[in-house]
Protein chains: 4
Amino acid sequence: MSPRRRDAEGTAVARAGRRAELLATAAEVFASQGYSATTVRQVADAAGILGGSLYYHFDSKESMADEILSTFLDDMWAAYDRVLDAGLSARDTLEAVVVESFRSIDKHRPAVVLYQNESKHLATSERFRYLLDSQRRFEEMWLSLLDRGVEEGAFRADLDRTLIYRFIRDTVWVAANWYQHGGRLSADDIAKQYLAMFLEGIRAS
Amino acid sequence: MSPRRRDAEGTAVARAGRRAELLATAAEVFASQGYSATTVRQVADAAGILGGSLYYHFDSKESMADEILSTFLDDMWAAYDRVLDAGLSARDTLEAVVVESFRSIDKHRPAVVLYQNESKHLATSERFRYLLDSQRRFEEMWLSLLDRGVEEGAFRADLDRTLIYRFIRDTVWVAANWYQHGGRLSADDIAKQYLAMFLEGIRAS
Amino acid sequence: MSPRRRDAEGTAVARAGRRAELLATAAEVFASQGYSATTVRQVADAAGILGGSLYYHFDSKESMADEILSTFLDDMWAAYDRVLDAGLSARDTLEAVVVESFRSIDKHRPAVVLYQNESKHLATSERFRYLLDSQRRFEEMWLSLLDRGVEEGAFRADLDRTLIYRFIRDTVWVAANWYQHGGRLSADDIAKQYLAMFLEGIRAS
Amino acid sequence: MSPRRRDAEGTAVARAGRRAELLATAAEVFASQGYSATTVRQVADAAGILGGSLYYHFDSKESMADEILSTFLDDMWAAYDRVLDAGLSARDTLEAVVVESFRSIDKHRPAVVLYQNESKHLATSERFRYLLDSQRRFEEMWLSLLDRGVEEGAFRADLDRTLIYRFIRDTVWVAANWYQHGGRLSADDIAKQYLAMFLEGIRAS
DNA sequence: GATGAATGAGTATTCATTCAT
DNA sequence: CATGAATGAATACTCATTCAT
């Protein structure tokens, strides 16, 4: 590898690093103030630059949201796909999916919050159609998983499966609003306890 | 009742009715688009009047949100207080509180969505301090209820009580995002099935 | 005079009285807040009625200003004309004109303030052309009076006559801003002392 | 001085220059149309930019008025203080103060007009409290100056000192409404003739 | 890479005015 | 005479975006 080559790569890496840095900042601000209520200037302030300077890195405010959300979703689906391809039982799959979900929250917390709060609003634009696609795939995955669990005799059959799906989905993902990396309970701790509740309930046996 | 008396009352009632009508419209639009992303003009359009005309009835966009939220919270706490004063066991109280929560969602769906999505953002303003107060009281109520349930031998003691609180709170209230009055499942139906999951889990016994 | 006639007259008089009352209120508010900064609603509030109700009495905000100003100017010029037609010396005329000016201020204080502060602004509209006419006539009257005074040997000839005119005009009329009917000094008292200063100056002789 | 240093200073100076330029334009428009009757767009038009662009430089319309007025008052008081600290007789002080007043009018004409016409209105806001403070200090200065003049045997004692104060104050400052820099009479010319009238009156001796 | 200044479309809000009751 | 509700144009102000330097 020639020095020149290495240099160019170094620059590219640095540039990508700066980009990621700015996106992390933007995600944080979007998550805490809401996407619509956040001004580009606030993002820039948080990044220590002036408003206009963001446009050297990104086309628009929307494209920041786009990149934040698609990065998170790609990463999440990669993890889900690893689980789904592992040939586990329905019950073990459910556990693994929930664990992976909390790991996603741990890794992409602001992006998850953004997704939760703004995806309905953003999805009206063509550019964010993939949000709906992801949601649809997500629902199909869960419903078939729950069906399989009933077939395998692992899950109760007396409950509305759509309701169970929403129950689990909501509970898990909304946790991004209060989860804190490095807090008292790790993402895996929370996953474990949530799974206990999903599976056993809170009643003293 | 003299005709004059009836007339005056009729006018007052009509006025209050118009106000409530406009607030219901505003809540609907705020809930579906997000408070910040909603323009006053959109609210007015939905109400069939012009943007400026809203200001005959309300001081500001903020005061609409204020009235929507405080009406909902007052109503919800009245229902909660009736339950809490009834002298029920922890388990029965939990059931009743969850049922009342879904009834609140049924009655104030857009207000609940608004509360969910915007209260963090709005609460930065002094005017909305009561949102934080309500939240704090809500948490205290739940934590002491869960403690009492453990003492009464009704609930498991091996789980983090704060986690249980958040688990239930999130699951119940986020349901406002998809709940539809007059849908396949009534609010009471959903409450019943959610309670089954909270208490027993989804595992086949 | 038939009862019917008296009645109609009574009504007409009452109506004119109400009109004058409202105009007095409006003038007061215009004077204290400025015409542009005053809303029709503020005038109505001060009159104890609702904003829209003013339009039963007046065509527009502008027409209120119009009536206030023209009433004042008509009255002032009537007084001036009486003085000017009396065949007095220049010096006695000057004294009488200043006295009449302060009497106008006493009688029409808010109108004078309105005239002072807004006539330049209002006079851009065709409807208020008479303000400019009045001003022009006023200036001519003063300049010829001052000239006559010099000819009669009553006034100094070493000063710029336009400057003297502005000096006196400004000093007299601006007093409307602080003059209070029923205050420590009557309009005639102030006129007397102002005349002493105009004519003799403040130097100890 | 390094080139870099000079460059940075050049930019800072340019920025301050642009600000001052815009303020001068705004003052001109405010003075000619009245503050309330002037729209931000009119100011921007006069400056050759768009309405919104003004907000890059100033927080609000009010803050423009603030800066215009405080700049004028600071400058005026600096001049007054130089005079008051010079240890002159009451009569000479009066002359010097009047001269400085006309120089202020010459230098800050639109600001003075703004001050005259809008200070009562603006001073209702906390932000403009300094207008009242200045007025109060102004009155105190004049009253004690007039008192001293009487003690020194320079001024007549038979006139109401508050009336004299208002007489002079009004006459001098209202002149800003018609004074034109570069007109037939310079500020010093006018001051001289006004002083002649104040001190000697217009009567032929 | 970043800045400073501007754009221009949009946003909440105001307000003179209208009009059926 | 007065009210209550609305209109619609204007207003101060915001903000995503652009671009020469």
Side-chain angles (χ1 to χ4, degrees), chain A residues 11 14-15 18-19 22 36-44 47-64, chain B residues 7-8 10-12 14-15 18-19 22 36-44 47-64, chain C residues 11 14-15 18-19 22 35-44 47-64, chain D residues 7-8 11-12 14-15 18-19 22 36-44 47-64:
Chain A
T11 316
R15 190 173 307 164
R18 183 75 175 120
R19 230 186 136 70
L22 291 171
S36 293
T38 299
T39 71
V40 169
R41 226 200 131 211
Q42 286 173 320
V43 173
I49 57 178
L50 286 178
S53 306
L54 274 176
Y55 288 81
Y56 177 80
H57 302 276
F58 305 99
D59 288 347
S60 64
K61 184 184 177 186
E62 216 183 39
S63 77
M64 290 185 233
Chain B
D7 217 47
T11 321
R15 191 175 317 164
R18 184 71 177 122
R19 240 186 124 70
L22 292 170
S36 294
T38 299
T39 71
V40 169
R41 225 200 130 209
Q42 286 173 320
V43 173
I49 58 177
L50 286 176
S53 305
L54 275 176
Y55 288 82
Y56 178 78
H57 302 276
F58 305 100
D59 287 346
S60 62
K61 183 185 175 186
E62 211 184 44
S63 79
M64 291 184 231
Chain C
T11 317
R15 190 174 308 163
R18 183 74 176 121
R19 233 185 133 69
L22 291 171
Y35 174 74
S36 293
T38 298
T39 70
V40 169
R41 225 200 131 208
Q42 285 174 320
V43 173
I49 58 178
L50 286 179
S53 306
L54 275 176
Y55 287 81
Y56 177 80
H57 303 275
F58 305 99
D59 289 347
S60 63
K61 184 185 176 186
E62 215 182 39
S63 78
M64 290 184 233
Chain D
D7 217 47
T11 321
R15 193 175 314 164
R18 183 73 176 120
R19 238 185 127 70
L22 292 170
S36 294
T38 299
T39 71
V40 169
R41 224 200 132 209
Q42 285 172 322
V43 174
I49 58 178
L50 287 177
S53 304
L54 274 177
Y55 288 84
Y56 179 77
H57 301 276
F58 305 100
D59 287 345
S60 62
K61 183 184 175 185
E62 213 184 43
S63 79
M64 290 185 232

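Taking CZ of B:R41 as the start and CG of B:L50 as the end, the distance is 8.0 Å to the nearest 0.5 Å. In this structure, CG in A:L54 is found 11.0 Å from OG in A:S60, a value given to the nearest 0.5 Å.
Judged by Watson-Crick or G-U wobble contacts below 3.5 Å, the nucleotide F:dC15 has E:dG8 as its partner. Partner assigned to F:dT21 is E:dA2, using Watson-Crick or G-U wobble distances below 3.5 angstrom.
In this structure, A:Y55 places its OH atom 19 Å from P of E:dA6, rounding to the nearest Å. Atom CD1 in B:I49 sits roughly 14 Å away from atom P in E:dT13 (whole-Å rounding). In this structure, the CG atom of B:L22 is 10 Å from the P atom of F:dA5, given to the nearest Å. Regarding C:H57, its NE2 atom lies at a distance of 6 Å from the C1' atom of F:dC1, rounded to whole Å. We find that CD of A:E62 is positioned 8 Å from P of F:dT17, with the value rounded to whole Å. Rounded to whole Å, atom P of F:dT18 lies 19 Å from atom CZ of A:R41. The separation between C:F58 atom CZ and E:dT18 atom P is 15 Å, rounded to whole Å. Rounded to a whole Å, the CG atom of A:L54 is 9 Å from the P atom of E:dA2.
Taking the side chain of A:T39 as heavy atoms from C-beta on, and the options F:dC13, E:dA16, F:dA16, the nearest nucleotide is F:dA16. Closest to the C:S53 side chain, of the nucleotides F:dA2, F:dA12, E:dT11, is F:dA2. Set against E:dT18, E:dT13, F:dC13, the side chain of B:K61 has E:dT13 as its closest nucleotide. Candidate nucleotides F:dT3, F:dT17, F:dA6 were compared by shortest atom distance to the side chain of A:S60, and F:dT17 ranks first.
With DNA chain E read from its 5' end, the first of the two nearest nucleotides for D:L50 and A:R18 is the one closest to A:R18. Summary of the strand contacts: C:G52 and D:D59 both lie near DNA chain F, and taking for each the nucleotide with the nearest heavy atom, the more 5' one is attributed to C:G52.
Residues B:M64 and B:F58 approach most closely at CG-CG, 3.7 Å, considering heavy atoms. Nearest heavy atom pair, residue B:R18 against residue B:H57, reads CG-CE1, 3.8 Å. A:K61 and A:T38 make their closest contact through NZ-O, 2.8 Å (heavy atoms, listed as atom of the first residue, atom of the second, distance).
The phosphate of E:dA5 has OP1 or OP2 within less than 4.0 Å of a side-chain N or O from D:Y56.
Across all strands, D:T38 comes closer than 4.0 Å only to sugar-phosphate atoms, never to a base (heavy-atom distances).
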